[in-house]
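Report on the following structure.
Numbers here simply count residues along the sequence, with the first being 1.
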Amino acid sequence: MYNIHSPAVTMTIAGSEATGGAGAQADLRTFQELGTYGTAALTCIVAYNPQDNWNHRLTRIAPEVLEQQLEAIQANFAGQLDTVKLGMMGSVETIDVVANALQSQEWKNVVLDPVLICKGQEPGEAQDTDQALKSKLLPLATVTTPNHFEAEQLSGMTITNLAELKDAARKIHDDSGVAVLAKGGIRLSGPEAVDVFYDGSNLQVLGVPKIGNHAVSGAGCSLAAAVAAELSKGRTALEAAERAKDFVTAGINQRIAAETPYYIMWQGGLRRKPQQVVSPE
């Protein structure tokens, strides 16, 4: 005899980052840590170049291959899969494929991590990708998680303090209708890493003491994936944002050192006691 387990099913549509620090690898670990069954459709493959200051080498997944991945996942979990996290797209063609897939079924939760200016692209091509993301994917989202730069781009505002971050979150929501978790993180001055949640009625500042003054790889991907996982289990958007903030904070506090110029977030932070980490400063 055996038991059929029925966890919430979550999907990430994102790039593969070969070292595992970000992208679909970080998303899948986040889904697992938070008790959901994760699936992944890859949009591109990023392999850092250790011979060139760890710059991005970007290889796109052919649109028809992405279509096949999405077809397999959506068919296999028909009736079970209602939550998706969107990460790096990499091209207009990829965005078209993803938009079509999203519109082929009903979704309760579409969490958009709006990766603007895809590293490894030519500037003009990156601009086209950004415009397509704003016009084709943002309207399909239920929650978006822009970082400081992305919040400025989506809102058309300059963000230098918490008040401006709140205004930007309101502007993005008013323009798009989606719930917004705008990440100030370490980019704003002050002792706390602050994010702002706004859904049209609730405005909540999520702040924790800063852990160092350098960005940590995988934190943004993991935050959006954690929001998706918590939403898939029935939490409200605000509850999901609060839980995701705790998850990422614990992971940054137990970050992993590597040869790259930055540390890597550890998705197992909530289930392990913090250990002493040497600060990169």
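Under the side-chain hydrogen bond (donor to acceptor under 3.5 Å, both in side chains) criterion, S222 pairs with Q267, sequence neighbours left out. Looking at residues two or more places apart in sequence or on another chain, you find a side chain to side chain contact (heavy atoms under 4.5 Å, CB included) between N161 and A163, E164. Looking at residues two or more places apart in sequence or on another chain, you find a side-chain hydrogen bond (donor to acceptor under 3.5 Å, both in side chains) between N55 and D52. Residues passing the side-chain hydrogen bond (donor to acceptor under 3.5 Å, both in side chains) test with T236 are E239, sequence neighbours excluded. Under the rule for a side chain to side chain contact (heavy atoms under 4.5 Å, CB included), the partners of A258 that lie at least two apart in sequence or sit in another chain are T260, I264. Applying the side-chain hydrogen bond (donor to acceptor under 3.5 Å, both in side chains) test to S189 and every residue at least two apart in sequence or in another chain returns nothing. Listed by chain and residue number, E152, T160 satisfy the side chain to side chain contact (heavy atoms under 4.5 Å, CB included) test with T158 (two or more places apart in sequence, or in another chain). Applying the side chain to side chain contact (heavy atoms under 4.5 Å, CB included) criterion to A228, with sequence neighbours excluded, gives F31, T83, K85, V111.
Side-chain atoms of Q69 and T43, non-hydrogen and from C-beta on, never get closer than 4.5 Å to each other. At least one side-chain heavy atom of M88 sits under 4.5 Å from a side-chain heavy atom of C44. Side-chain contact between L154 and P114: present, with at least one pair of heavy atoms (C-beta onward) separated by less than 4.5 Å. Side chains of V143 and N109 form no contact here, defined as non-hydrogen atoms less than 4.5 Å apart. Residues S176 and T144 fail the side-chain proximity criterion, which asks for heavy atoms closer than 4.5 Å. Side-chain contact between V110 and L102 is present, with at least one heavy-atom pair separated by less than 4.5 Å. In this structure, V9 and L81 have side chains that are in contact, with non-hydrogen atoms separated by less than 4.5 Å. The shortest side-chain heavy-atom distance between L181 and L223 falls under the 4.5 Å cut-off.
Within the 3.5 Å criterion, the main-chain N or O of Q131 finds a donor-acceptor partner in the side chain of S135. Put simply, the side chain of E150 gets close to the backbone of N147: a donor and an acceptor are under 3.5 Å apart. Between the side chain of E67 and the main chain of V97, no donor-acceptor pair closer than 3.5 Å is present. Under the 3.5 Å distance criterion, the side-chain polar atoms of H173 are left unmatched by any main-chain donor or acceptor of V180. Not one N or O on the side chain of R187 forms a donor-acceptor pair closer than 3.5 Å with the backbone of H148. Side chain of K233 to main chain of G35: no donor-acceptor pair is present (N/O by atom type, distance under 3.5 Å, no hydrogens or angles).
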side-chain contact (heavy atoms from CB on, under 4.5 Å) between V115 and M89, worked out: CA-CA 8 Å; V115 182; M89 296 291 113; over 6 Å; no

Please test H56 against Y48 for ring pair (Phe, Tyr, Trp, His ring centres under 6.0 Å), starting from the C-alpha separation and ending with a verdict. CA-CA 5 Å; H56 289 62; Y48 297 141; 5.0 Å; yes

side-chain hydrogen bond (donor to acceptor under 3.5 Å, both in side chains) between S232 and T36: does it pass, once the steps are laid out? CA-CA 8 Å; S232 74; T36 72; 4.9 Å; no

Go through T12 and V84 one step at a time and tell me if the side-chain contact (heavy atoms from CB on, under 4.5 Å) criterion holds. CA-CA 6 Å; T12 178; V84 59; over 6 Å; no

Check the pair L116, F149 against side-chain contact (heavy atoms from CB on, under 4.5 Å), reporting the backbone distance first and the verdict last. CA-CA 9 Å; L116 301 179; F149 168 76; 4.2 Å; yes

Report the C-alpha distance between L66 and E64 in whole Å, list the side-chain angles of each, state the deciding distance to 0.1 Å, and finish with yes or no for side-chain contact (heavy atoms from CB on, under 4.5 Å). CA-CA 5 Å; L66 176 57; E64 60 270 21; over 6 Å; no

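Residues L140 and I95 are members of one and the same hydrophobic cluster, defined by side-chain heavy-atom contacts under 4.5 angstrom among Ile, Leu, Val, Met, Phe, Trp and Tyr. Linking Ile, Leu, Val, Met, Phe, Trp and Tyr whenever their side-chain heavy atoms come within less than 4.5 Å leaves I186 and I252 in two separate clusters.
Taken from CG in L86 to CG in L138, the straight-line distance is 10.5 Å, to the nearest 0.5 Å. Here the CG atom belonging to N253 is positioned 8.5 Å from the OG1 atom belonging to T249, to the nearest 0.5 angstrom. Separation of atoms CD (Q254) and CD1 (I211) is listed at 9.5 Å; rounding is to 0.5 Å. Taken from OG1 in T59 to CD1 in I45, the straight-line distance is 6.0 Å, to the nearest 0.5 Å.
Residues R170 and D167 are paired through a salt bridge, judged by an N-O separation under 4.0 Å between the basic side chain and the carboxylate. A salt bridge between R271 and E33 is present, with a side-chain N of the basic residue lying under 4.0 Å from a carboxylate O of the acidic one. Look at K134 and D130 and you find no salt bridge, because none of the NZ, NE, NH1 or NH2 atoms lies under 4.0 Å from a carboxylate O. Salt-bridge annotation for E242 and K245: absent, with no side-chain N of the basic residue lying under 4.0 Å from a carboxylate O of the acidic one.
Within the structure, ring pair (Phe, Tyr, Trp, His ring centres under 6.0 Å) pairs that include any residue of residues 215-259 do not occur (at least two apart or interchain). Applying the ring pair (Phe, Tyr, Trp, His ring centres under 6.0 Å) test to every pair with at least one member in residues 67-114, sequence neighbours left out, gives these pairs: Y37-F77.
Heavy atoms of other residues, nucleotides or ligands lying less than 6.0 angstrom from CD of Q32 number 12 at most. Sparse packing is recorded around CD of E106, with 12 or fewer heavy atoms of other residues, nucleotides or ligands lying under 6.0 Å away. Under a cut-off of 6.0 angstrom, the local environment of CZ in R235 is crowded, with over 12 non-hydrogen atoms contributed by other residues, nucleotides or ligands. Atom CD of Q105 sits in a crowded spot, with more than 12 heavy atoms from other residues, nucleotides or ligands closer than 6.0 Å.
Annotation for V205: hydrophobic cluster partners, listed by chain and number, are I159, L162, L165, L188, V194, V196, Y198, L203 (ILVMFWY side-chain heavy atoms under 4.5 Å, direct or chained).
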Name the atoms and distances for all side-chain donor-acceptor pairs under 3.5 Å in residues 17-24, with sequence neighbours left out.
unit_1, atom_1, unit_2, atom_2, d
E17, OE1, T19, OG1, 2.7
E17, OE1, G21, N, 3.0
E17, OE1, A22, N, 3.4
E17, OE2, T19, N, 2.8
E17, OE2, T19, OG1, 2.8

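Of all the heavy atoms in A241 and L206, the pair that sits closest is O-CD1, 3.8 Å.
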